[in-house]
Enquirer: 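Next up is a structure, given as structure tokens.
Read the numbers this way: they start at 1 and go in the same order the structure lists the ligands and their atoms. In this chain, residues are counted from 1 in sequence order.
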Amino acid sequence: MSEKNVESTVVITIDGPSGSGKGTISQILATKLGYHLLDSGALYRLTALAVIKNDIPLDDIPAIEEAALHLDVVFQPSSDGSEQAILLNGENVGVQLRLDETSAMASKVAAIPQVRDALLTRQRQFRQKPGLVADGRDMGTVVFTDAKHKVFLTASPEIRADRRYKQLTEKGVNASIPHLLKSIIERDERDRTREVAPLVPAQGALEVDSTDLTIDEVVQQILDFIHDS
Ligand code: DC
């Protein structure tokens, strides 16, 4: 595909903190529009999992950068809007990616500039016709600065902890709401205040607070925004 072609491919960026509903909303939008989906958080989680599985110390930046560059990952999209399967070295790691230990490590590796650089090309390769829905923290501010439509999704920490609790227990993973709330607040703080690609709304982004909205209401607000802009 030519450079011009790639750049003319529509991108919708959905940024925001974890538990704001980004994953669900992005998946629904991608299915409705027939677009590709980039779950960029999964790339940071996969890097974290590789670090954990290979016992790489957090101060061994070159080894973590290598792990990020050479992730052997396959995303298996679903055709019915259900969650895509993610294989790391051929192993389905869907549940491991969501564990609290992986989340905490993902937030730490995401603060390493070399890791963010290592994942940049891989993320941009998802930009393919007919279009892309890109879910993350810096999709609109760093990775796809020229995206046509940018959205910033938020929700209160309490409702986000509650949503994460349901997500984990549905997968059979033990969880506690106070513990999740504490780690969400800590992770937000790290993500917002880090030097590289901090979690902030992109200029011109539609800001949606999903605390008191249903999934359908959020999807509709975004579809209206895309239609009008
Ligand atoms: O969206 P998530 O919870 O799966 O993201 C996991 C971690 O990766 C989270 O701490 C933020 C980080 N992340 C990031 O820094 N930039 C992105 N584009 C996506 C995720």
Enquirer: Please state which protein non-hydrogen atom is closest to atom 7 (C) of ligand 1 and give its distance, to 0.1 Å?
Expert: Ala106 CB, 3.8 Å

Enquirer: Counting only heavy atoms closer than 4.0 Å, does ligand 1 sit against the backbone of Lys108, its side chain, both, or neither?
Expert: neither

Enquirer: Go through ligand 1 atom by atom and flag the ones less than 4.0 Å from a non-hydrogen atom of Arg164.
Expert: 3 (O)

Enquirer: Would you call Arg137 and Asp191 a salt bridge, taking side-chain N to carboxylate O under 4.0 Å as the test?
Expert: yes

Enquirer: Taking both backbone and side-chain atoms of Arg137, is any N or O found less than 3.5 Å from an N or O belonging to ligand 1?
Expert: yes

Enquirer: How far apart are the C-alpha atoms of Glu207 and Lys150, what are their side-chain angles, what is the distance that settles it, and do they pass the salt bridge (Lys or Arg N to Asp or Glu O under 4.0 Å) test?
Expert: CA-CA 9 Å; Glu207 293 191 39; Lys150 299 182 181 182; over 6 Å; no

Enquirer: Hey, which atoms in ligand 1 end up nearer than 4.0 Å to a heavy atom of Met139?
Expert: 18 (N)

Enquirer: Can Asp216 and Gln220 be counted as having a side-chain donor-acceptor contact under 3.5 angstrom?
Expert: no

Enquirer: Just need the protein heavy atom nearest to atom 4 (O) of ligand 1, so name the residue and atom and give the distance.
Expert: Arg45 NE, 2.6 Å

Enquirer: May I ask you to check whether Thr211 and Asp209 show a side-chain donor-acceptor distance below 3.5 Å?
Expert: yes

Enquirer: Could you list the atoms of ligand 1 found under 4.0 angstrom from a heavy atom of Ser18?
Expert: 3 (O)

Enquirer: Whether Lys166 and Asp162 form a salt bridge (side-chain N of Lys/Arg under 4.0 Å from carboxylate O of Asp/Glu) is what I want to check.
Expert: yes

Enquirer: Strictly by modelled atom types, are Arg164 and Gln167 linked by a side-chain donor-acceptor pair under 3.5 Å?
Expert: yes

Enquirer: Side chain, backbone, both or neither: which applies to Arg194 and ligand 1 if a contact is any heavy-atom pair less than 4.0 Å apart?
Expert: side chain

Enquirer: Ligand 1 versus Arg190, non-hydrogen atoms closer than 4.0 Å: side chain, backbone, both, neither?
Expert: neither

Enquirer: Heavy-atom distances under 4.0 Å decide this one: backbone, side chain, both or neither, for Asp191 against ligand 1?
Expert: side chain

Enquirer: Is it true that Gln96 and Glu101 share a donor-acceptor pair across their side chains at a distance under 3.5 Å?
Expert: no

Enquirer: Taking 4.0 angstrom as the limit, do Arg160 and Asp188 come out as a salt bridge?
Expert: yes

Enquirer: Around atom 16 (N) of ligand 1, find the nearest protein heavy atom and jot down its residue, atom name and distance.
Expert: Arg116 NH2, 2.9 Å

Enquirer: Under a 4.0 Å threshold between the charged nitrogen and the carboxylate oxygen, would Asp138 count as salt-bridged to Arg116?
Expert: yes

Enquirer: For atom 10 (O) of ligand 1, which candidate among Pro198, Ala110, Gly136, Ser107 provides the closest heavy atom?
Expert: Ser107

Enquirer: Do you know which of Arg163, Lys22, Glu217 makes side-chain hydrogen bond (donor to acceptor under 3.5 Å, both in side chains) with Ser210?
Expert: Arg163

Enquirer: Using a plain distance cutoff, I'd like to know if Ser103 has any nitrogen or oxygen under 3.5 Å from a nitrogen or oxygen of ligand 1.
Expert: no

Enquirer: For the 3.5 Å polar cut-off, considering only N or O atoms, please tell me whether Asp138 and ligand 1 meet it.
Expert: yes

Enquirer: Which residue holds the protein heavy atom closest to atom 8 (O) of ligand 1, what is that atom called, and what is the gap in Å?
Expert: Tyr44 CB, 3.4 Å

Enquirer: If only side-chain N and O atoms count, and only distance matters, is there a donor-acceptor pair under 3.5 Å linking Thr9 with Arg127?
Expert: no

Enquirer: Any nitrogen or oxygen of Ser40 lying under 3.5 Å from a nitrogen or oxygen in ligand 1? Just yes or no.
Expert: yes

Enquirer: Is there a polar contact, in the sense of an N or O pair closer than 3.5 Å, between Lys22 and ligand 1?
Expert: yes

